Amino acid sequence: MLITIDQLLNTEELIEVRAMLKDSAWESGQSSAGLQAARVKNNQQLSEHAPHLPKLRALVMNALQRSPIFFSAALPLKILPPFFNRYADQTNAYGFHVDSAMRQVPNEAGAYLRSDLSATLFLSAPEDYDGGELSIVDTFGTHSVKLQAGSMVLYPSSSLHAVSSVTRGERLACFMFMQSMVRDAEQRRMLYDMDMALLDLRSEFGEIDAVVKLTGSYHNLLRRWAEN
């Protein structure tokens with residue numbers, strides 16, 4: 001299931017993020033790649049020692065917390081602190097790969113997170129660079145994603161995906177991994193579809209008895225499937 005969340009960051013937040021990333025010290029993106037991914041990863045990543053990284057991470061995490069669509073789609077149990085990357089010049093692509101199942105939590109020795117979901121938050125306007133499409137493969141084929149700055153795509157970490165070469169300009173983005181309360185992707189999809197349908201029914205009919213009963217069924221399914 002691919003979910004697009006438009007305008008996760010507002011205009012003011014985008015300006016602030018890009019100002020902090022301007023003239024940043026970038027390092028090889030291979031520092032966050034597994035063995036398979038490292039062979040096809042050719043981009044740059046903001047250093048874990050960057051002085052403004054904690055503020056950048058807090059800004060993105062706050063944006064996630066205020067998004068009901070994100071919560072409904074991800075049902076997050078744990079979110080790895082967000083990372084920031086850059087595609088430009090000679091470091092401009094990331095070949096097809098699958099994200100590692102277990103991710104080490106930065107600055108927490110021995111702490112790991114199971115990556116159920118991955119997300120890319122676009123920080124550069126699409127007209128400012130050529131190429132740089134995120135390609136995600138699922139059972140329905142390959143989907144090409146290139147969103148407006150401030151918008152985010154959420155997809156299963158088990159998906160084969162890649163970033164095509166940036167041939168002009170600079171592509172800045174934030175990428176994230178999260179462990180869901182509901183491990184099974186199909187169960188997450190059903191809960192999301194049910195939640196979105198309930199929103200439509202509630203908007204059209206209000207809190208009628210049928211909506212109350214269906215809402216109860218949603219929460220009982222979540223209670224049955226959720227882990228902690």
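The shown structure was predicted, so the numbers you read here are calculated from the model rather than taken from an experiment.
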Should [X] and [Y] be regarded as members of a common hydrophobic cluster, given that ILVMFWY residues are connected when their side-chain heavy atoms come within less than 4.5 Å of each other, either directly or indirectly?
X: Leu59; Y: Leu123; result: yes
X: Leu113; Y: Met61; result: no
X: Val163; Y: Met176; result: no
X: Leu2; Y: Leu134; result: yes
X: Met178; Y: Leu9; result: yes

Listing request: all salt bridge (charged side-chain N to carboxylate O under 4.0 Å, His left out) pairs with a residue in residues 172-183, at least two apart in sequence or in separate chains.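 Salt bridge (charged side-chain N to carboxylate O under 4.0 Å, His left out) check on residues 172-183 returns Arg183-Glu227.
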
If a pair satisfies salt bridge (charged side-chain N to carboxylate O under 4.0 Å, His left out) and one of its residues is in residues 47-65, list it, with sequence neighbours excluded. Glu16-Lys55, Glu48-Arg57

Between [X] and [Y], what is the shortest heavy-atom contact and its length?
X: Ser217; Y: Met194; answer: CB-CE, 3.8 Å
X: Ser159; Y: Ile136; answer: CB-CG2, 3.8 Å
X: Gly131; Y: Lys146; answer: O-NZ, 3.1 Å
X: Met102; Y: Tyr112; answer: CE-CB, 4.0 Å
X: Ala149; Y: Pro126; answer: N-CD, 4.2 Å
X: Thr142; Y: Ser135; answer: CG2-CB, 4.0 Å

Qualifying residues under side-chain contact (heavy atoms from CB on, under 4.5 Å), relative to [X], sequence neighbours excluded:
X: Asp6; answer: Thr4, Ser151
X: Ala50; answer: Leu46, His52, Leu53
X: Ala197; answer: none
X: Val211; answer: Leu198, Leu201, Arg202, Glu207, Ile208, Thr215

With the side chain counted from C-beta on, respond yes when [X] and [Y] share a heavy-atom pair under 4.5 Å apart, and no when they do not.
X: Leu121; Y: Phe175; result: no
X: Leu221; Y: Trp225; result: yes
X: Val182; Y: Leu77; result: no
X: Tyr94; Y: Val40; result: yes
X: Glu170; Y: Asp128; result: no

Nearest 0.5 angstrom please: [X] [atom1] to [Y] [atom2], how far?
X: Asp130; Y: Arg168; atom1: CG; atom2: CZ; result: 4.0 Å
X: Asn92; Y: Tyr129; atom1: CG; atom2: OH; result: 13.0 Å
X: Arg188; Y: Ile3; atom1: CZ; atom2: CD1; result: 10.5 Å
X: His49; Y: Glu27; atom1: NE2; atom2: CD; result: 7.0 Å
X: Ser100; Y: Phe177; atom1: OG; atom2: CZ; result: 7.5 Å
X: Asn85; Y: Arg171; atom1: CG; atom2: CZ; result: 6.5 Å

Output all residues satisfying salt bridge (charged side-chain N to carboxylate O under 4.0 Å, His left out) with Asp193, sequence neighbours left out; order by chain, then residue number.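 Once residues adjacent in sequence are excluded, the partners of Asp193 under the salt bridge (charged side-chain N to carboxylate O under 4.0 Å, His left out) criterion are Arg189.
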
Salt bridge (charged side-chain N to carboxylate O under 4.0 Å, His left out) involving Asp89 - partner list, sequence neighbours excluded: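 Counting only residues at least two positions away or on another chain, Asp89 forms a salt bridge (charged side-chain N to carboxylate O under 4.0 Å, His left out) with Arg86.
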
Between the side chain of [X] and the main-chain N/O of [Y], is any donor-acceptor distance below 3.5 Å?
X: Asp138; Y: Gly141; answer: yes
X: Gln179; Y: Arg114; answer: yes
X: Ser47; Y: Trp26; answer: no
X: Asn42; Y: Ala93; answer: no
X: Lys41; Y: Gly95; answer: no

Could you walk me through whether Met152 and Phe122 pass side chain to side chain contact (heavy atoms under 4.5 Å, CB included), step by step? CA-CA 6 Å; Met152 185 177 82; Phe122 289 78; over 6 Å; no

Assess whether side chain to side chain contact (heavy atoms under 4.5 Å, CB included) is satisfied between Gln45 and Phe84, documenting all intermediate values. CA-CA 6 Å; Gln45 185 170 313; Phe84 296 82; over 6 Å; no

All pairs passing ring pair (Phe, Tyr, Trp, His ring centres under 6.0 Å) where residues 130-166 contributes a residue, at least two apart: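 Passing the test, one end in residues 130-166: His97-His161, Tyr155-His161.
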
Is there a side chain to side chain contact (heavy atoms under 4.5 Å, CB included) between Val17 and Leu56? Walk through the geometry before answering. CA-CA 7 Å; Val17 167; Leu56 284 165; 3.9 Å; yes

Less than 3.5 Å apart, any donor N or O on the side chain of Ser144 or Glu133 sitting next to an acceptor on the other?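 Side-chain D/A pair, Ser144 to Glu133: absent.
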
Give the intermediate values and the outcome of side chain to side chain contact (heavy atoms under 4.5 Å, CB included) for residues Asn62 and Val60. CA-CA 5 Å; Asn62 287 338; Val60 172; over 6 Å; no

Please enumerate all residues that pass ring-ring contact (aromatic ring centres under 6.0 Å, His included) together with Tyr87, with sequence neighbours excluded. none

Distance-only donor-acceptor hits, side chain of residues 63-75, under 3.5 Å, sequence neighbours excluded:
| from | atom 1 | to | atom 2 | distance (Å) |
| --- | --- | --- | --- | --- |
| Arg66 | NH1 | Glu13 | OE2 | 2.9 |
| Arg66 | NH2 | Leu8 | O | 3.1 |
| Arg66 | NH2 | Glu13 | OE1 | 2.6 |
| Arg66 | NH2 | Glu13 | OE2 | 3.1 |
| Ser67 | OG | Phe70 | N | 3.1 |
| Ser72 | OG | Asp195 | OD2 | 2.7 |

Pair listing, side chain to side chain donor-acceptor pair (under 3.5 Å) test, anchored in residues 118-127, at least two apart: Asp99-Ser118, Ser118-Ser157

